[in-house]
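From a predicted model like this one, the values you see are computed outputs, not experimental measurements.
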Amino acid sequence: MTCLDSFKPEFIDTPDGARLRTAVWDASSSAPSRGLCILLNGQTEFIEKYCEVIDELRGRGFAVATFDWRGQGGSSRALADPLTCHIEDFKQYDTDLATFMEKIVKPLSPKPPLALAHSMGANILLRALHANSAMCSGAVMTAPMLGISTRGQPAWLVSAITTLFNALGKSQGYVFGMSKRDALNVTFDQNLVSQDRLRWERAKNLLRQNPKLRVNGPTWGWLKAAYGTMREVNAPGYAQAITTPALIFGAQDDRIVQTSAVFDFARHMPNATYIEIPGAEHEILMDRDGVRERFWKAFDAFVEKLG
């Protein structure tokens, strides 16, 4: 059965009261077992969006465990408006990951899992690996959130406005333009993350079928927290302290995160390999077949080397 056909969510509670939607799949019975892979999605994303990827991992012999971060997907929301993506501090996401590891991952396997993480999920994974590099046997990351694109606006101005709005008590308000950006109304031509119409429409259809999974976008509080975590992980010596074997992908045409920041971070990690995919948009795993083929070829070689 495919990922969607066998999707059975399980809910877990964090120590600070968030409710997380999780899911687990066994590896394909036709593939030699490779252990467990944890899949950590990006901001505004949700489990079902990754079903193609999950089935590809299962076909490679991996059992897969994943979840929705607090504030998105099928997990609990922080504010009365469920379409806001809000957080006060990325330490709350750290709690999500720690709870998932303790309650879901640990009972599944005594061995450290492989991790596959995208964008915001990769930022949070790096935080966890900095605290414990042995948490995972290896880490594969696509377009990790290490610097964000301000899309033509001066970076200092965006940072200053973020600080101002939080100081004025508007941390729970949408970042400019997000209140009217309903995911159900965004067209393919307006999207900034993928060049593959079929995959993009498939994800949108999942939201049409279950509109409660969607969020419009971040609040000023989330953006302040994002700037905070990026300052933290980009501090001198931070990347050098993460010794986990890692494969890090940058997207050449990324319009969400700064690919230059991804490259710079990866080159300071002692056991990391960096690959930049020409012509790729932010969501490498949701992009055109040619982009994805380059990803999977490198992924397979990395996994083989891990043993």
Side-chain angles (χ1 to χ4, degrees), residues 14 20 22 35-47 50 53-54 57 62 64-73 75 87 89-106 108-109 111-148 225-226 228-235 238-251 256-257 261-266 268-275 282-285 295 299 302-303 306:
T14 67
L20 307 178
T22 76
L36 178 66
C37 179
I38 60 171
L39 178 60
L40 309 176
N41 58 36
Q43 195 229 17
T44 78
E45 295 189 310
F46 53 97
I47 293 170
Y50 279 81
V53 175
I54 290 167
L57 289 167
F62 288 101
V64 180
T66 187
F67 72 101
D68 291 330
W69 303 103
R70 67 177 70 196
Q72 60 191 59
S75 293
I87 201 80
D89 192 292
F90 266 56
K91 290 178 181 177
Q92 292 172 285
Y93 288 138
D94 296 341
T95 298
D96 291 352
L97 181 54
T99 303
F100 170 71
M101 295 297 291
E102 180 65 26
K103 294 188 176 182
I104 300 296
V105 176
K106 189 175 178 180
L108 289 173
S109 174
K111 298 180 180 179
L114 177 72
L116 173 56
H118 174 62
S119 195
M120 184 187 82
N123 179 289
I124 301 163
L125 175 63
L126 287 169
R127 294 168 61 90
L129 294 177
H130 183 263
N132 177 16
S133 288
M135 185 187 89
C136 295
S137 61
V140 180
M141 289 166 267
T142 57
M145 192 187 78
L146 296 163
I148 55 175
T229 189
M230 288 186 290
R231 282 194 300 272
E232 184 176 344
V233 300
N234 284 310
Y238 198 99
Q240 290 87 336
I242 302 173
T243 58
T244 314
L247 178 61
I248 301 177
F249 291 88
I256 303 299
V257 306
V262 177
F263 168 74
D264 191 56
F265 190 94
H268 286 101
M269 289 178 65
N271 296 315
T273 297
Y274 174 79
I275 296 176
H282 180 62
E283 292 184 356
I284 291 170
L285 291 168
F295 167 84
F299 176 94
F302 176 74
V303 168
L306 283 179

State, to 0.1 Å, how close Ala241 and Ser133 come at their nearest heavy-atom pair, and which atoms those are. O-OG, 3.5 Å
Provide the closest heavy-atom pair for Phe62 versus Leu36 in the form atom of the first, atom of the second, distance. CD2-C, 4.2 Å
Can you classify the ring geometry of His118 versus Tyr50 as parallel (below 30°), tilted (30 to 60°) or perpendicular (above 60°)? tilted
What verdict does the side-chain contact (heavy atoms from CB on, under 4.5 Å) test give for Ile38 and Cys136, after you've listed the backbone C-alpha separation in whole Å, the side-chain angles of each residue and the deciding distance to 0.1 Å? CA-CA 9 Å; Ile38 60 171; Cys136 295; 4.2 Å; yes
Using the six-membered ring wherever Trp is involved, compare the ring planes of Tyr93 and Trp69 and label them parallel, tilted or perpendicular (cut-offs 30° and 60°). perpendicular
How far does CG of Leu39 sit from CD1 of Ile47, to the nearest 0.5 angstrom? 9.0 Å
Closest heavy-atom contact between Arg70 and Leu20? N-CD2, 3.8 Å
For Glu102 and Thr99, indicate whether the former's side chain and the latter's backbone hold a donor-acceptor pair under 3.5 Å. no
Could you measure the distance from the CG atom of Leu126 to the CG atom of Asn234? Nearest 0.5 Å is fine. 9.5 Å
Option from Met141, Glu283, Met145 for which side-chain contact (heavy atoms from CB on, under 4.5 Å) with Ser119 holds: Met145
Heavy atoms of Ile124 and Asp94 approach each other most closely as CG2-OD1, 4.0 Å
Within the side chain of Ser75, is there an N or O that forms a donor-acceptor pair under 3.5 Å with the backbone of Asp68? yes
Go through Val53 and Leu116 one step at a time and tell me if the side-chain contact (heavy atoms from CB on, under 4.5 Å) criterion holds. CA-CA 10 Å; Val53 175; Leu116 173 56; 4.0 Å; yes
How long is the straight-line distance from CG of Leu306 back to CG of Leu247, given to the nearest 0.5 Å? 9.5 Å
Under 4.5 Å between any side-chain heavy atoms of Val105 and Phe67, yes or no? no
Just to verify, which of Arg127, Met120, Lys91 counts as forming a side-chain contact (heavy atoms from CB on, under 4.5 Å) with Thr229? Arg127
Test Phe249 against every option in Phe295, Tyr274, Phe263 by the ring-ring contact (aromatic ring centres under 6.0 Å, His included) rule and name the one that passes. Phe295
If I compare all heavy atoms of Leu97 with all of Ala128, which pair ends up nearest, and what's the gap? CD2-CB, 3.7 Å
What are the two closest heavy atoms between Leu125 and Ala115, and how far apart are they? CD2-CB, 3.8 Å
Tell me if a side-chain donor or acceptor on Thr244 pairs with a main-chain N or O of Ala246 at a distance below 3.5 Å. no
Can you tell me how far the CZ atom of Phe100 sits from the OG1 atom of Thr66, to the nearest 0.5 Å? 6.0 Å
Do Gln72 and Asn41 touch side chain to side chain, with heavy atoms closer than 4.5 Å? yes
Phe299 CZ to Thr142 OG1 distance, which is reported to the nearest 0.5 Å: 11.5 Å
Please say which of Asp96, Thr95, Asn123 ends up in a side-chain contact (heavy atoms from CB on, under 4.5 Å) with Phe90. Asn123
